[in-house]
Amino acid sequence: MVTLTIDGVEVKAPAGSTVLEAAKLAGIRIPTLCYLKGINEIGACRICVVDVGARSLQAACVYPVSEGLKVVTNSPKVREARKVTLELILSNHERTCLTCVRSGNCELQQLANELNVGEIRFDGERTDLPVDDLSPSVVRDPNKCVLCRRCISVCNNVQSVAAIGTAERGFKTVIASPFNMALKDTPCVNCGQCINVCPVGALREKSSIEKVWDALANPDLHVVVQTAPAVRVAIGEEFGLPIGTRCTGKMVAALKRLGFDKVFDTDTGADLTIMEEGNELIQRIKNGGKLPMITSCSPGWIKFCEHNYPDLLDNLSTCKSPQNMFGALLKSYYAEKMGIDPSKIFVVSVMPCTAKKFEIQRPELASTGYPDVDVSITTRELARMIKEAGIDFVNLPDEEFDDPMGEASGAGVIFGATGGVMEAALRTVVDKLTGRDNDNIEYKEVRGEEGIKVAEVTLPDGMTIRAAVAHGLGNARKLLDQVRNGEAQYHFIEIMACPGGCVNGGGQPIQPARVRNTIDIRTERAKGLYSEDEAMTIRKSHKNPRIQKIYEEFLGEPGSHKAHELLHTHYYA
Ligand code: HC0
Ligand code: SF4
């Protein structure tokens with residue numbers, strides 16, 4: 001510990017910490033803009049400057065504490081320096097706040113308010129750059145960019161994709177893709193993590209809201225919606241509820257009020273995925289198939305694999321993602337059952353994910369002759385629709401998913417957290433391999449935020465299933481390099497593109513740095529999913545009566561010809 005004084009207050013802080021961290025311990029808030037704990041700690045924007053008695057003011061987010069250091073965070077000189085910096089940023093900012101997607105949730109707006117910026121004294125030259133909206137998932141508007149570099153850090157350091165970086169110098173500096181390519185032409189995996197860390201409206205999802213309104217207004221269409229596991233524990237944040245609040249019933253009620261003909265649960269698709277993926281794993285183990293088998297439900301991960309590990313494409317499970325399995329089933333089984341022509345069924349998915357917008361466009365995912373899913377919107381877009389429709393979300397009653405596709409198990413629910421797919425799969429695979437209804441269904445080794453998690457399950461016949469889980473593509477890269485080099489042997493690997501899994505997907509409500517710097521939002525949202533699983537009576541996919549019925553009435557057995565036609569696919573390099 002070192003002792004320093006901040007604004008005359010004596011503070012003890014761990015050696016190696018920064019002035020920003022020490023100030024926090026003393027209850028002193030230093031304003032920041034580019035700083036994002038654990039992701040972007042580079043002192044780029046200089047909003048957090050403080051006086052440490054040196055020749056120039058220093059950035060608190062990178063300045064280390066030392067014994068006897070005297071720091072002043074609040075003096076006319078410090079306040080003026082911060083204000084000038086902010087006014088310079090604002091002078092070249094497209095200030096269309098009223099119509100900006102981040103209005104009300106913009107860290108720059110908040111900062112201007114807090115620093116009491118009443119006028120911008122330096123209105124001068126402006127950059128006017130084209131907006132890149134060619135990606136199916138991400139829109140980049142450089143005119144709103146504040147050059148904080150959070151997006152670069154998350155893309156490079158966390159995701160190890162490096163689709164964006166800085167280009168040019170001085171006033172002309174921009175964040176861009178190599179050779180100024182459109183994002184769609186780069187190895188960008190559409191994960192949207194850059195959107196979630198952007199403090200302003202420079203990055204946003206490609207909105208599909210109007211397509212959904214149009215479908216809902218079209219009397220010729222039967223418009224159904226499916227909601228991903230992670231949406232239910234995050235959407236409440238858009239309406240002021242605490243992070244991780246379970247809002248399943250209210251979400252369903254809101255969707256019914258928006259006018260969807262049926263409201264279904266992607267978790268049912270997740271149960272179906274476990275039936276197919278579990279069967280595929282058992283077959284590969286028994287018949288000497290390609291191992292390790294790797295999950296294929298995260299579309300950001302699939303694209304990453306195609307770009308970076310084409311040699312491992314045969315290791316991917318051939319299962320489509322739950323979103324697409326469920327969509328294919330809606331346009332076949334459900335269409336047949338309800339007597340509706342599949343061409344008239346319009347499937348909307350609500351996902352915590354921006355890469356799902358890319359996934360639904362993949363030509364190989366249209367096995368009924370129609371796209372499995374017609375439009376995919378994010379949690380944020382759904383919240384916008386609910387607000388636009390004037391629905392009082394917080395005071396809605398809880399309502400149930402619709403028959404005949406509405407039932408899901410707890411295994412389907414936990415898909416939304418890292419390790420969830422693995423845990424759900426183990427619940428089924430262990431039962432199938434032992435021929436018993438095992439009680440031990442919580443695989444805590446694969447839960448939590450450790451970057452790479454490993455579990456071993458030894459069966460009564462002595463066989464050990466070796467499983468590994470990675471979340472965030474930087475972690476996936478580490479694990480896959482071990483697999484590639486033969487340093488690690490597993491039967492089954494779960495990979496989710498986003499750190500924390502879907503609960504922290506690129507389409508989830510955006511929490512500002514001041515929240516993310518103090519709370520692990522991934523853990524809070526995951527807790528919501530695990531508690532929903534605990535509250536369910538059916539917690540194994542193969543015990544879900546709805547799933548059993550779908551196999552009985554339509555698919556036959558897991559891995560059947562029909563299941564392969566509708567629920568499986570192949571990816572290409
Ligand atoms: Fe996920 Fe999914 S769990 S990818 O994270 O597998 O997006 O929530 O919907 O499809 O079910 C996202 C979340 C899903 C799918 C499911 C899987
Ligand atoms: Fe990088 Fe993901 Fe953003 Fe693409 S969507 S630029 S991969 S962070």
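FYI, side chains are in, hydrogens and waters are out, and symmetry mates aren't considered; it's all heavy atoms of this structure. As the structure lists them, so they are numbered: ligands from 1, and atoms in each ligand from 1.
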(message) I'd like to check which ligand 1 atoms, numbered from 1 as shown, lie under 4.0 Å from a non-hydrogen atom of Pro322.
(response) 6 (O), 10 (O), 11 (O), 15 (C), 16 (C), 17 (C)

(request) Kindly indicate whether the side chain of Tyr571, heavy atoms from C-beta on, has any atom under 4.5 Å from the side chain of Cys305. (result) no

(request) Could you tell me whether the side chain of Glu205 reaches within less than 4.5 Å of the side chain of Val139, counting heavy atoms only? (result) no

(request) Indicate, as side chain, backbone, both or neither, the part of Asn190 found under 4.0 angstrom from ligand 2 when only non-hydrogen atoms are considered. (result) backbone

(request) Examine Cys194 and say whether one of its N/O/S atoms is closer to atom 1 (Fe) of ligand 2 than 2.8 Å. (result) no

(message) Taking 4.0 angstrom as the limit and counting only heavy atoms of Gly192, give me the atoms of ligand 2 inside it, by number and element.
(response) 2 (Fe), 5 (S)

(request) Give a yes/no verdict on whether any heavy atom in Ser298 is under 4.0 Å from an atom of ligand 1. (result) no

(message) In terms of relative ring orientation, are His568 and His564 parallel, tilted or perpendicular, with 30° and 60° separating the classes?
(response) parallel

(message) Give the atom numbers and elements of ligand 1 that come within less than 4.0 Å of a heavy atom of Ala270.
(response) 11 (O)

(request) May I ask you to decide if the ring planes of Phe326 and Phe264 are parallel, tilted or perpendicular, using 30° and 60° as cut-offs? (result) perpendicular

(message) Starting from atom 4 (Fe) of ligand 2, what is the nearest protein heavy atom, named by residue and atom, and what distance separates them?
(response) Cys188 SG, 2.4 Å

(request) Only heavy atoms count here, so choose which of Cys502, Gly506, Gly505 is nearest to atom 1 (Fe) of ligand 1. (result) Cys502

(message) Set out, in order, the CA-CA distance, both residues' side-chain angles and the distance that settles salt bridge (Lys or Arg N to Asp or Glu O under 4.0 Å) for Lys527 and Asp520, then state yes or no.
(response) CA-CA 11 Å; Lys527 271 189 215 159; Asp520 188 345; over 6 Å; no

(request) State which residue, out of Thr266, Asp271, Asp267, Ile274, fulfils the side chain to side chain contact (heavy atoms under 4.5 Å, CB included) condition with Phe415. (result) Ile274

(request) Provide the number and element of each atom of ligand 2 under 4.0 Å from a heavy atom of Val189. (result) 4 (Fe), 7 (S)

(request) Considering only non-hydrogen protein atoms, determine which one is nearest to atom 2 (Fe) of ligand 2 and report residue, atom name and distance to 0.1 Å. (result) Cys191 SG, 2.4 Å

(message) Just checking Phe554 against Tyr333, ring centres under 6.0 Å apart?
(response) yes

(message) Return the closest protein heavy atom for atom 8 (O) of ligand 1 as residue, atom name and distance.
(response) Ala230 N, 2.8 Å

(message) Please state which option from His471, Glu494, Lys356 has its nearest heavy atom closest to atom 10 (O) of ligand 1.
(response) Lys356

(message) Quick one, Lys478 with Ser160, criterion side chain to side chain donor-acceptor pair (under 3.5 Å). Give me CA distance, side-chain angles, the key distance, then yes/no.
(response) CA-CA 10 Å; Lys478 282 184 207 148; Ser160 75; over 6 Å; no

(message) If you take the nearest heavy atom of each of Ser177, Cys155, Gly506, which one is closest to atom 1 (Fe) of ligand 2?
(response) Cys155

(message) List ligand 1 atoms under 4.0 Å from Met351, heavy atoms only on the residue side.
(response) 7 (O), 9 (O)

(message) Between ligand 1 and Gln323, is the shortest N or O to N or O distance under 3.5 Å?
(response) yes

(message) My understanding is that we take every heavy atom of each candidate and find the minimum distance to atom 3 (S) of ligand 1. Doing that for Trp301, Phe326, Phe415, which one comes out nearest?
(response) Phe415

(request) Indicate the atoms forming the closest heavy-atom contact of Cys502 with Met496, along with that distance. (result) SG-SD, 4.3 Å

(request) Identify, for atom 9 (O) of ligand 1, the protein heavy atom at the shortest distance, and state residue, atom and that distance. (result) Ala228 CB, 2.9 Å

(message) Is it the case that ligand 1 has an N or O less than 3.5 angstrom from some N or O of Cys297?
(response) no

(message) Could you tell me if Glu359 and Ser376 have a donor-acceptor pair between their side chains, going purely by distance under 3.5 Å?
(response) no

(request) Could you tell me whether Lys206 and Asp132 have a side-chain N and a carboxylate O separated by less than 4.0 Å? (result) no

